[in-house]
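Presented below is the structure to which this report refers.
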Amino acid sequence: GFNKPSQGRMVRQVTFGAIALLSVLLVYEISFFAFFQRVLGLGGSWAMFGVLALVALWVSLRMVNYSRLADFLISVEAELNKVSWPSSHSLWRATGVVIFVILALSAVLYLFDLIWTIVFQFLRIRD
C-alpha cells in the first residue's frame, strides 16, 4: 500500500514528477537508440516506448511511496515548512549583491592575469 498518502504530499509529487520525467526521457533514448534498431531489430517502435514508459512511471510511483524514501520526503517537507523565505525585495537585493561580487572578482582576476602576462612577456618566460 501507499505510505502515509496525506503527509509530505507536495514534496512527494514534485519528486515523482522529476523522477518520472527523467525516467521517461531515459526510456525514450533507450527505445530509439540505434543499437537496438540495428543489432537486435528492436527499437524505433512507439509501442515499445509506450510500454517501457508506463513501466518507468509505475517504478517512479513505487519509489516515491517506498516507506524509507517516503519518510525522508515527509521530513523534507516538514523542514521546508519551517523555513522563513525572504521577501521579494530582499531576494532582488541579495541577487544584486551576488552579481556585483561576481563581476568585481572577475575584473580582479582579469587584472591579475593581465599583469602576470605582461611580467612573463617582459621576462621572456612566455611569448
Side-chain angles (χ1 to χ4, degrees):
F2 290 101
N3 184 24
K4 304 174 187 170
S6 63
Q7 295 178 325
R9 188 172 181 184
M10 181 68 72
V11 172
R12 289 163 88 172
Q13 287 175 345
V14 169
T15 304
F16 167 74
I19 293 172
L21 176 66
L22 291 174
S23 300
V24 169
L25 290 174
L26 178 65
V27 164
Y28 178 79
E29 286 297 319
I30 290 171
S31 297
F32 294 96
F33 190 59
F35 171 78
F36 290 105
Q37 292 176 2
R38 280 186 272 131
V39 176
L40 301 176
L42 301 171
S45 163
W46 284 103
M48 179 179 164
F49 167 71
V51 169
L52 290 177
L54 287 175
V55 170
L57 290 173
W58 180 79
V59 169
S60 302
L61 184 63
R62 297 301 301 159
M63 283 177 60
V64 172
N65 288 299
Y66 177 66
S67 62
R68 290 181 67 183
L69 182 60
D71 288 338
F72 172 74
L73 294 175
I74 290 167
S75 299
V76 167
E77 185 165 308
E79 291 300 318
L80 283 174
N81 288 333
K82 296 177 187 176
V83 173
S84 60
W85 299 99
S87 67
S88 177
H89 178 69
S90 317
L91 185 63
W92 280 106
R93 194 172 41 181
T95 302
V97 169
V98 169
I99 290 172
F100 173 77
V101 169
I102 288 173
L103 292 175
L105 288 176
S106 298
V108 168
L109 288 174
Y110 175 75
L111 288 175
F112 278 140
D113 184 55
L114 189 63
I115 290 168
W116 282 110
T117 299
I118 292 169
V119 168
F120 287 156
Q121 284 177 348
F122 178 75
L123 296 175
R124 298 188 190 274
I125 294 174
R126 181 176 137 201
D127 289 331

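Interatomic distance, Thr117 OG1 to Ile125 CD1, rounded to the nearest 0.5 Å: 11.5 Å. A distance of 13.0 Å separates CD1 of Ile19 from CG of Leu26, quoted to the nearest 0.5 Å. Residue Leu73 holds its CG atom at 11.5 Å from CD of Gln13, rounded to the nearest 0.5 Å. With values rounded to the nearest 0.5 angstrom, Thr95 atom OG1 is found 6.5 Å from Ile99 atom CD1. Rounding to the nearest 0.5 angstrom, the gap separating the OH atom in Tyr28 from the CG atom in Leu52 is 13.5 Å.
Just one residue in the list Arg62, Met63, Arg68 forms a side-chain contact (heavy atoms from CB on, under 4.5 Å) with Tyr66, and that residue is Arg68.
Across all their heavy atoms, Leu61 and Asn65 have their closest contact at O-ND2, 3.0 Å. The two residues Ala20 and Ser60 have their closest heavy-atom pair at CA-OG, 3.6 Å. Of all non-hydrogen atoms in Ser87 and Ser90, the two that sit nearest each other are OG-OG, 2.8 Å. Contact between Ala53 and Val27 at its shortest, heavy atoms only, is N-CG1, 3.6 Å. Among all heavy-atom pairs drawn from Gly8 and Glu77, the shortest one is C-OE1, 3.3 Å.
Checking side-chain atoms of Gln7 against main-chain N and O of Ile74 turns up no donor-acceptor pair under 3.5 Å.
By the criterion of side-chain heavy atoms lying less than 4.5 angstrom apart, applied directly or through intervening Ile, Leu, Val, Met, Phe, Trp or Tyr residues, Val101 is not grouped with Val108; the two fall into different hydrophobic clusters. Under the 4.5 Å side-chain heavy-atom criterion for grouping Ile, Leu, Val, Met, Phe, Trp and Tyr, Val83 is connected to Val11 within one hydrophobic cluster. If you chain together hydrophobic residues whose side chains sit under 4.5 Å apart, Leu57 and Leu21 never meet in one group. Leu25 and Val59 are not part of a single hydrophobic cluster, where members link through side-chain heavy atoms under 4.5 Å apart. Cluster membership for Ile115 and Leu123, using ILVMFWY side-chain heavy atoms within less than 4.5 angstrom, is shared.
Side chains of Leu80 and Trp85 form a contact here, defined as non-hydrogen atoms less than 4.5 Å apart.
A ring-centre distance under 6.0 Å is found for Trp116 and Phe120.
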